[in-house]
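Both ligands and their constituent atoms are indexed starting at 1 by order of listing. Note that these values count all heavy atoms, side chains included, but never hydrogens, waters or copies made by symmetry. What you are looking at is a predicted structure, and each value in this text was computed from that prediction instead of being measured.
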Amino acid sequence: MLFLTPTTSDLSPALPEAPIIEMKNFPDGESYVRIPSDVGGEDVILIHRAYPNPDENLMKLFLAASTIKIMKPSSLKMLVPYLPYARMDKTVRSGEAVSADILCSILNHLGCDELITIDCHFIKEGEGTFQRSGLRIRNITASKVLIDEIKRRMENPIVISPDQGASYMSGGLAMKKVRGGYSEAGGATYRKVAQLEMSFDVKNRDVAIIDDIISTGSTMIKAVERIREAGARKICCAATHGLFLADSFHRLKEAGVEEIITTDTIVSKASKVKFLDVVRGVIL
Ligand code: R5P
């Protein structure tokens, strides 16, 4: 039994059988959730985007999961296409909260039998089933679908990743990213990209740069600059999750990127691949 939420109601035409869970807010901003039908004895899959507004949308997910579990389904799986809080997966300074562990632990304790997600940041091995803080996680990669989309636009491109962590997406070819120390800007904390090293030749070639996420765009923009300096012909960027903070969509265009392609795990003007097409056949 599939359930959508207001964050995934755009999938209704493709999944007309899936009811939409009621999710609203009380006047003080607190979340309200109601499961519209009895799910006792059912195998439930809940499809929910937890971004944008990750804190609020995760709280709504927690309330939904907990209420579903009270109804005693046979199983509860959650499909959260972009998993927020996955990037803080280790400490850099002592005393830091490792949000990836905390989130997985909460979902496990709420009774989630499996979390299905796409190109989860802390899973560097690509597709498969993993375990973190007691939670069973099924990670699916969008890399093939994204690369197919790029290949319609470029001639025999070299596919590279700007970061070793996403090298499984490019098939192995990756730059080496060195991050600097923390910097604070407008209340936000961030470790800048200090350097990107590369050891392959891109002269006169079309280059596709693929990563799991474009957040502030710093990594992708630096990668584009390095590849342009190295004499590449045409450059396209692809990422599973496009947050495009700090006007990075436009800054990438200004840096000379021909096309930017992402999935709709987070909906933006770059969303040219449907995440349902990535998971279809695997779980649906
Ligand atoms: C790195 O660890 C990830 O694969 C991405 O390269 C990174 O998180 C992108 O972040 P930003 O767009 O802020 O550079």
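Of all atoms in ligand 1, listed by their number and element, those nearer than 4.0 Å to a heavy atom of Ile214 are 12 (O). Of all the atoms in ligand 1, the ones that sit under 4.0 Å from a non-hydrogen atom of Ser218 are 12 (O), 14 (O).
In terms of protein heavy-atom proximity, atom 13 (O) of ligand 1 is nearest to Thr216 OG1, 2.6 Å. The closest protein non-hydrogen atom to atom 14 (O) of ligand 1 is Thr219 OG1, 2.5 Å. With respect to atom 4 (O) of ligand 1, the closest heavy atom belonging to the protein is Asp212 OD1, 2.6 Å. Looking at atom 9 (C) of ligand 1, its nearest protein heavy atom turns out to be Ile213 O, 3.4 Å. The protein atom (non-hydrogen) at minimum distance from atom 2 (O) of ligand 1 is His121 CE1, 3.1 Å.
At least one heavy atom of Arg87 sits less than 4.0 Å from an atom of ligand 1.
The proximity of Ala166 to ligand 1, defined as any non-hydrogen pair under 4.0 Å, does not occur for either the backbone or the side chain. At a heavy-atom distance under 4.0 Å, only side-chain atoms of Asp211, from C-beta outward, approach ligand 1.
Closest heavy-atom approach to atom 7 (C) of ligand 1 among the candidates Lys177, His241, Lys222: Lys177.
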Exercise for review: Check the pair Arg136 / Asp113 against salt bridge (Lys or Arg N to Asp or Glu O under 4.0 Å), numbers first and verdict last.
Suggested key: CA-CA 7 Å; Arg136 180 184 155 91; Asp113 294 302; over 6 Å; no
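In the hydrophobic clustering of ILVMFWY residues, with side-chain heavy atoms under 4.5 Å counting as a link, Leu83 and Met169 come out apart.
Residues Asp10 and Arg49 are paired through a salt bridge, judged by an N-O separation under 4.0 Å between the basic side chain and the carboxylate. Comment: Asp163 engages Lys177 in a salt bridge, judged by a side-chain N to carboxylate O separation of less than 4.0 angstrom.
Side chains of Asn139 and Glu125: no donor on one and acceptor on the other come within 3.5 Å. Ser161 and Asp211 are not linked by any side-chain donor-acceptor pair at a separation below 3.5 angstrom, with hydrogens and angles left out of the test. Neither side chain, Asp212 nor Thr240, offers a donor N or O lying under 3.5 Å from an acceptor on the other. A side-chain N or O of Asp55 and one of Tyr85 form a donor-acceptor pair less than 3.5 Å apart.
Close N/O approach between Gly217 and ligand 1 is found [any backbone or side-chain N/O within under 3.5 Å].
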